[in-house]
Number of protein chains: 2
Amino acid sequence: MSTLKDIAREAGVSIKTASRVINGEAPIRPETRSRVQAVIDRLGYEPSHAARMMRTRRSGVVGFMTDVVASTPYSVDMVRGMQDELRAFGKTMLIANTERDAQREREFLRMFRQHRVEGMVFASMFHRRLHTVPEAGAPLVLLNCYADDWQGASLVPDDHGGGYAAARYLLDQGHRHLGVISLNPVLPATQLRLAALRTALAERGLSLSPDLVQCGFVGPLEAEQLSAFEAAMEMLRRPDRPSAILCGNDQIALQVYCAAQDRGLQVPGDLSVMGFDDLKLISETLRPALTTVALPYAEMGRLAVRALVDPSQAPMSTVPQRVPCLLRVRDSVAPPTRP
Amino acid sequence: MSTLKDIAREAGVSIKTASRVINGEAPIRPETRSRVQAVIDRLGYEPSHAARMMRTRRSGVVGFMTDVVASTPYSVDMVRGMQDELRAFGKTMLIANTERDAQREREFLRMFRQHRVEGMVFASMFHRRLHTVPEAGAPLVLLNCYADDWQGASLVPDDHGGGYAAARYLLDQGHRHLGVISLNPVLPATQLRLAALRTALAERGLSLSPDLVQCGFVGPLEAEQLSAFEAAMEMLRRPDRPSAILCGNDQIALQVYCAAQDRGLQVPGDLSVMGFDDLKLISETLRPALTTVALPYAEMGRLAVRALVDPSQAPMSTVPQRVPCLLRVRDSVAPPTRP
DNA sequence: CTGTTAGCGCGTTCAG
DNA sequence: CTGAACGCGCTAACAG
């Protein structure tokens, strides 16, 4: 690969002049500029990022670390959102996946530090509280999580708002008797959405039957297994079965569809189903297509980068900032046939 | 951030000695070593990747570029496979997603060149032929694609083998009357699997009814829409409906489940379903869980990195290397009830 | 408008 | 076993 010196020599100018045309600095005489440019094109020259970084002491790189990718590819939307925004600033991204392994986390943090990342984004798979905050010697933005001893930037989905929107939609369609198959109860998302649901219900003088609130998973949080099918089967066998089920995520909703099939119930005719997450792989593929609430992961990625790269413009507060979750109306909810 | 010079000064040794303990070079007197190490730990020193790279002229970075992420998060497995292997070699990864935009592709290639990537992996969403080969001035491995004018390394899933395994499994279960809802016919994957199916059928003196081979998508390849539900409905209404349906991917299989529900057919009692891809989000969530064929994306990622980082060990041939697709037996296939 | 000089933080060379 | 000096490719600071 050729160097700036080569360009300068070939073009018969000084190194600095070559540098100037590359960086579009200062006024350069047009003929000089085009002569230098011609050499650059001919030699296929690209400035060395490493050398540039050494001189300017800015890496132009931000690190992205996730805890688990697991079954839910939640991080790809965040990555895309981040990339969109980074591209606009001419920056690049290093990614790391710790798989919840402390050893790997340390290694990757070292790697980030060696690359002198200008910022770091840490995302957890579930909206949760962190015990320790990863430290890469650069500004940090937390995605989908927060920490008590951490007064920096933190972006979380507005689970309360999303849960409220879902509940209101079902109520507006005429449902009065709702079932819930939730995520693990220890997750803030679960509690926030339940609280929102109870609020929406209370506004109409209704309440939630405790029997109709189930968890869609079994086992410890780190190794939980889907059990929504069984929960749904049980719920649908009851004489007072709900006319609609609110699900903790789209996978649960998928299992509810399967349970409905098994019970000979049509969606949405006999049973309305509401998902959460808007995993297109499921929500757009199911027939009838799934009405769900979209998690704003791409938007969170964009906001995180903006906060990192241009902090003045994004004055992050010390409390987690809630990013809106949008209701995606498709075909899995209809007015109830029995009141 | 402190530098090697700081370390040397604080420890009262020369820069070179400090450098030696960091890189574990040469014999150093133990007491000197531990004194230097103590300073390193105290100052939280990390060597500058940029400075190192400039000196050694090796970036330790490989680039990963994908064409579309779209609905199918196919690339996350590749990324994970690559990361596993890169970690073992102490290297890192830069990622880019072109969204099939030539402009973006050029920009990212420049970025890769500026970072002096030591290798590049290009992955396409579908197993396909490339018109032009992206060039980053470094060794290249193609994933999921190949090009006629390109005699370098290329890894593709063994669609023929996977299709054959799926067909054999259905035949071994006793199925004789098979339906197919495939990917777009222009894709090599489609043709390879169909050929494998015909071979397996021919081995038993059977053949495929042309009426029972449908495509699960409509519209042009770049913007195709799932239409497997309609195809399945049509197929299941036929008097000679198949006892099993082979699907081009797991999303198609999901729609076949939905169509079966609509027709009042139980899976696998009335209809066996075989997927392809093994998207866990779908295959492990469906009830009954989906029997499918796994695409070896993580393995392809690992192999690509190995070929790049240690070419001697992985002598890639000039023809695309086929990576085995494994049958994942779950619960969606059972012996047919009507012969 | 253009050129000269001096490092950025490392690893390498060669000399102790 | 250890140290001094040099240069990787580039840009900042300051001349001209």
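Nothing here was measured: the structure is a model prediction, and the numbers come from that model. Throughout, a chain's letter reflects where its sequence line sits, starting with A, and its residues are numbered from 1.
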Expected list for residues 39-46 of chain B near DNA chain D, using heavy atoms below 4.0 Å, is none
Contacts of A:Asp84 meeting side-chain hydrogen bond (donor to acceptor under 3.5 Å, both in side chains) (sequence neighbours excluded), chain-then-number -> none
Applying side-chain contact (heavy atoms from CB on, under 4.5 Å) to A:Arg106 and not counting sequence neighbours gives A:Ala102, A:Gln103
Sequence neighbours excluded, the answer for side-chain contact (heavy atoms from CB on, under 4.5 Å) partners of A:Glu31 is A:Arg29
Does any part of the side chain of B:Leu221, heavy atoms only, come nearer than 4.5 Å to the side chain of B:Leu187, both counted from C-beta?
yes
Side chains of B:Leu279 and A:Leu281 in contact at under 4.5 Å (non-hydrogen atoms)
yes
Could I get the full list of salt bridge (Lys or Arg N to Asp or Glu O under 4.0 Å) partners for [X], not counting sequence neighbours?
X	result
B:Arg113	none
B:Arg35	none
A:Glu299	A:Arg302

Axis-to-axis angle across the helix from C:dC1-D:dG16 to C:dG16-D:dC1, five pairs each end, nearest 10 degrees, ~ 40°
Scanning both residues in full, the closest heavy-atom pair of B:Val36 with B:Ala18 reads CG1-CA, 4.1 Å
Of B:Ser14 and B:Arg116, the one whose nearest nucleotide on DNA chain D sits closer to the 5' end is B:Ser14
Which atom pairs, donor and acceptor, lie under 3.5 Å between side-chain atoms of residues 37-46 of chain B and protein residues at least two apart or in another chain?
residue, atom, partner, partner atom, Å
B:Gln37, NE2, B:Asp41, OD1, 3.1
B:Arg42, NH2, B:Glu10, OE1, 3.1
B:Glu46, OE1, A:Arg110, NE, 3.4
B:Glu46, OE1, A:Gln114, NE2, 3.2
B:Glu46, OE2, A:Arg110, NE, 3.3

What is the separation between atom [atom1] on [X] and atom [atom2] on [N], rounded to the nearest whole Å?
X	N	atom1	atom2	answer
A:Asp6	D:dC8	CG	P	11 Å
B:Ile7	C:dG9	CD1	C1'	12 Å
B:Leu4	C:dT12	CG	P	12 Å
A:Gln114	C:dG9	CD	P	15 Å
B:Asn23	D:dC1	CG	P	18 Å

Of C:dG3, D:dT2, C:dG9, the nucleotide closest to the side chain of B:Thr32 is D:dT2
In plain terms, say whether B:Arg100 and B:Glu222 are close enough for a salt bridge, that is, a side-chain N and a carboxylate O under 4.0 Å apart. no
* Asked: Is the shortest side-chain N to carboxylate O distance from A:Glu118 to A:Lys91 below 4.0 Å?
  -> yes
- Identify whether any heavy atom of A:Ile15 sits under 4.0 Å from a base atom; if not, whether one sits that close to sugar-phosphate; answer base, sugar-phosphate or nothing. base
Contact check, residues 49-58 of chain A vs DNA chain C, heavy-atom distance under 4.0 Å, returns A:Met54, A:Arg55, A:Arg57
Discussion item. Looking at A:Ala147, is its backbone amide N or carbonyl O close enough to the side chain of A:His131 to form a donor-acceptor pair, meaning the two atoms are under 3.5 Å apart?
Written reply: no
Please list, for nucleotides 14-16 of chain D, all pairs of protein and nucleotide N/O atoms separated by less than 3.5 Å.
none

Salt bridge (charged side-chain N to carboxylate O under 4.0 Å, His left out) pairs touching residues 127-137 of chain B, sequence neighbours excluded, are B:Asp67-B:Arg128, B:Arg129-B:Asp148
| message | Can you see if the side chain of A:Ser19 gets near the phosphate of D:dT11 - specifically, an N or O under 4.0 Å from OP1 or OP2? | response | yes
